[in-house]
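Below, read A as the first sequence line, B as the second, and so on, with proteins coming before strands; counting in each chain starts at 1. Just so you know, these numbers come straight off a predicted model, no measurement behind them.
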2 protein chains.
Amino acid sequence: MTSIERTLRADARRNREKIFAAARELFAREGELVQIEEIAAHAGVGIGTVYRHFPTKQALLTEMVRTRFSRFAEIAIECEEMEDPHEAVTCLFRRSAEEVEGDAGFQLAMMGSDQLHWEGIEQEKAAFAAPATRIIDRAVAAGAVREDLTFGDFPMLMCGITSTMYYSPGGAEWRRHLDLILAGLRPGS
Amino acid sequence: MTSIERTLRADARRNREKIFAAARELFAREGELVQIEEIAAHAGVGIGTVYRHFPTKQALLTEMVRTRFSRFAEIAIECEEMEDPHEAVTCLFRRSAEEVEGDAGFQLAMMGSDQLHWEGIEQEKAAFAAPATRIIDRAVAAGAVREDLTFGDFPMLMCGITSTMYYSPGGAEWRRHLDLILAGLRPGS
DNA sequence: TGACAAACGGAATCTTACTTCCGTATATTG
DNA sequence: CAATATACGGAAGTAAGATTCCGTTTGTCA
């Protein structure tokens, strides 16, 4: 699509995909502890090849985070379509959380564990913030949630839920945490 | 007090204190990223001296966590003395959170960032769990909080609050997060 | 098919901390 | 005030990983 992809040699394009896929899988499993050597081995290429495609480990991990994060905007847009303002908020939290489940690397990124991962994805962030803000503002206006709720609360609360996800993998715990959070959003704080 | 302390040479005891103080301060400021060399320099001793007193960096950090954590049991016991069951729970959450504020290293430990810090402090953990469990059970029995609340929810929720503390230092944000959590504990989930 | 630019592989290099070691200095004790 | 056990300092040793480099291989194009 981009000129870079057009001019890439066939084997290079293939390898890039393989590296990306391997990185996604290992990053999801082990977080930022993945080693480049591991990724290379898993992708069936040499270390040098990984570095040809991604100048640093950081750049590769940022790319992982970016592609996953871009899903958030889609989710927010879908949630916004729901008629019931309260359900839209609930949906926003629940589906965002589900999106993160099972990807330890992304969970760490959500938790801010390494701020570096978040540099360079401002565009994706903004694309999410817009619809999410509308969802929350609408619920506030409708009296469906506590009146002082703002978009800024979302990352904060999600960060908490994500940390439960990360440190108690399995699924049950974080859903309970989410329930408690959603209960706390009820109007009449 | 212990035989170790009694038989310690005077300069050694003094240095141990200095190292401990330096470690506490730097650990609070920088978390587990503190370097032994930094701690030594800050304490005004050589690297070797740090290692004479604490066999590994891990041991030193565990000691930091242990002393801080032992405060938790005291807090829980104090909260238990309050008559109002609901207030006792609120107090438990609030004061625990306040205890963590300002110590980034401990915050990371609370968030489980390195499970190693938690090995070897089982005793302190148990001393806290007992009164905290009683506080929560009493509130449940009194109908002051949602009936499915258990002690197990405490670490989970605190972990979330702590992550807000860590990633948004300054004070305002985490208190809001705490408010939302406390609101979510109300009966009638 | 031959020439050549583009990619590849992975050993070697660099970097960053933790940890060890041992010659030197100092507190303690009779 | 020795004699001696303790403790100290910090250079050197290791280890773990990221990153570079360059000789070799492979796709592309005329």
*Asks:* Looking at residues at least two apart in the chain, or sitting in another chain, which of them share a salt bridge (Lys or Arg N to Asp or Glu O under 4.0 Å) with B:D137?
*Replies:*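 Counting only residues at least two positions away or on another chain, B:D137 forms no salt bridge (Lys or Arg N to Asp or Glu O under 4.0 Å).
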*Asks:* ring-ring contact (aromatic ring centres under 6.0 Å, His included) with B:F20: which residues, sequence neighbours excluded?
*Replies:*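 Result, ring-ring contact (aromatic ring centres under 6.0 Å, His included) vs B:F20: none returned.
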*Asks:* What pairs of residues pass the side-chain hydrogen bond (donor to acceptor under 3.5 Å, both in side chains) test when at least one of them lies in residues 33-54 of chain A, not counting sequence neighbours?
*Replies:*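 Residue pairs passing side-chain hydrogen bond (donor to acceptor under 3.5 Å, both in side chains), neighbours aside: none found.
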*Asks:* Each nucleotide in nucleotides 19-30 of chain D should get exactly one letter: B, S or -. Can you fill that in based on protein heavy atoms under 4.0 Å?
*Replies:* BB-----BSS--
*Asks:* In the hydrophobic cluster built from side-chain contacts under 4.5 Å, what are the other members alongside A:M82?
*Replies:*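 Result for A:M82 is none, singleton.
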*Asks:* Tell me, which pairs form a side-chain hydrogen bond (donor to acceptor under 3.5 Å, both in side chains) where one or both residues lie in residues 151-174 of chain B, sequence neighbours left out?
*Replies:*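 Qualifying pairs, neighbours excluded: A:R176-B:D153, B:E101-B:W174, B:T164-B:H177.
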*Asks:* Once side-chain hydrogen bond (donor to acceptor under 3.5 Å, both in side chains) is applied, do any residues pair with B:R29, and if so which ones, sequence neighbours excluded?
*Replies:*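 Only B:E25 meet the side-chain hydrogen bond (donor to acceptor under 3.5 Å, both in side chains) criterion with B:R29.
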*Asks:* Out of B:I47, B:V45, B:I19, which residue meets the side-chain contact (heavy atoms from CB on, under 4.5 Å) rule with B:I39?
*Replies:*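 Among B:I47, B:V45, B:I19, the one meeting side-chain contact (heavy atoms from CB on, under 4.5 Å) with B:I39 is B:I19.
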*Asks:* For B:N15 and D:dC8, is the shortest distance between a side-chain N/O and OP1 or OP2 below 4.0 Å?
*Replies:*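 The answer is yes; a side-chain N or O of B:N15 sits under 4.0 Å from OP1 or OP2.
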*Asks:* Which pairs with one or both residues in residues 74-95 of chain A pass side-chain hydrogen bond (donor to acceptor under 3.5 Å, both in side chains), sequence neighbours excluded?
*Replies:*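 Listed once each, the pairs are A:R71-A:E74, A:E78-A:R95, A:E80-A:R134.
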*Asks:* Name the first nucleotide and the last nucleotide along DNA chain C (5' to 3') that come under 4.0 Å of a heavy atom in chain A.
*Replies:*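 Contact boundaries, 5' end first: C:dA5 to C:dG10.
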*Asks:* Tell me every residue that passes side-chain hydrogen bond (donor to acceptor under 3.5 Å, both in side chains) with B:Q58, counting only those two or more places apart in sequence or in another chain.
*Replies:*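 In terms of side-chain hydrogen bond (donor to acceptor under 3.5 Å, both in side chains), with neighbours along the sequence ignored, B:Q58 is linked to B:H117.
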*Asks:* Near DNA chain D, under 4.0 Å by heavy atom, which residues of residues 19-34 of chain A?
*Replies:*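 Going residue by residue through residues 19-34 of chain A, the ones with a heavy atom under 4.0 Å of DNA chain D turn out to be A:V34.
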*Asks:* Could you pull out all residues at least two apart from B:E98 that satisfy salt bridge (Lys or Arg N to Asp or Glu O under 4.0 Å)?
*Replies:*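 Salt bridge (Lys or Arg N to Asp or Glu O under 4.0 Å) check on B:E98 returns B:R175.
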